[in-house]
Amino acid sequence: MIEVKLREVMAAYSKNNNCKLTYHELAELSGLSKATLEAIGSRPAYNTTLTALDTLCRVLECSISDLLEYGKDEE
């Protein structure tokens with residue numbers, strides 16, 4: 001299963017930039033809708049696009065490996 005770690009990356013961005021980054025502010029910075037960001041950040045089965053992930057990596061100054069984590073499904 002692939003886990004999106006958007007909240008963790010947002011927290012790291014906030015710490016590194018000495019600010020509190022909200023979904024609303026990230027939406028303004030990225031051009032992605034707040035609803036999309038909330039879905040990516042909170043719904044494990046949400047199927048987003050590579051373009052959205054690319055945008056998030058660019059805006060949050062992170063790599064895809066910071067944003068996504070692969071773990072084997074529990075059986």
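For reference, positions follow the sequence shown, starting with 1.
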Could you please spell out the steps behind the side chain to side chain donor-acceptor pair (under 3.5 Å) verdict for Ser63 and Ser65? CA-CA 5 Å; Ser63 70; Ser65 63; 2.9 Å; yes

Mark yes or no for whether Ser30, through its side chain, and Thr55, through its backbone, hold a donor-acceptor pair below 3.5 Å. no

Does Tyr70 reach the side chain of Leu68, with side-chain heavy atoms less than 4.5 Å apart? no

Applying side chain to side chain contact (heavy atoms under 4.5 Å, CB included) to Leu26 and Tyr13, what does each step give before you reach the verdict? CA-CA 11 Å; Leu26 183 54; Tyr13 179 90; over 6 Å; no

For Ser14 and Cys19, work out which heavy atoms get closest and say how close. CB-O, 2.7 Å

Quick check: closest heavy atoms across Ala27 and Leu37, and the distance to 0.1 Å? N-CD1, 3.4 Å

First locate atom CD1 of Ile64, then atom CG of Leu53, and finally report the distance between them rounded to the nearest 0.5 Å. 4.5 Å

Between the side chain of Asp54 and the main-chain N/O of Leu50, is any donor-acceptor distance below 3.5 Å? no

Working note: Leu60 + Leu29, criterion side chain to side chain contact (heavy atoms under 4.5 Å, CB included); need CA distance, chi angles, decisive distance, verdict. CA-CA 9 Å; Leu60 294 171; Leu29 291 171; over 6 Å; no

Cluster question for you: counting only ILVMFWY and a side-chain heavy-atom cut-off of under 4.5 Å, with indirect links fine, are Leu67 and Ile2 together? yes

Show your reasoning for whether side chain to side chain contact (heavy atoms under 4.5 Å, CB included) applies to Met10 and Tyr23. CA-CA 9 Å; Met10 287 174 65; Tyr23 285 134; 3.6 Å; yes

Please report the shortest heavy-atom distance between Thr49 and Ala52, naming the atom on each side. OG1-N, 3.0 Å

Check whether any side-chain heavy atom of Ser33 sits under 4.5 Å from a side-chain heavy atom of Glu38, and report yes or no. no

Tell me whether Glu25 contacts the main-chain N or O of Thr22 through its side chain, where contact means a donor paired with an acceptor under 3.5 Å. yes

Rounding to 0.5 Å, atoms OG1 (Thr36) and CZ (Arg43) come to a distance of 9.5 Å

Straight-line distance of Lys5 NZ to Glu69 CD, nearest 0.5 Å: 4.5 Å

Begin with the C-alpha distance, continue with both residues' side-chain angles, and end with the deciding distance and a verdict on side chain to side chain contact (heavy atoms under 4.5 Å, CB included) for Ile40 and Leu56. CA-CA 11 Å; Ile40 292 170; Leu56 289 172; 4.2 Å; yes

Of all heavy-atom pairs linking Gly41 and Arg7, the shortest is O-NE, 3.4 Å

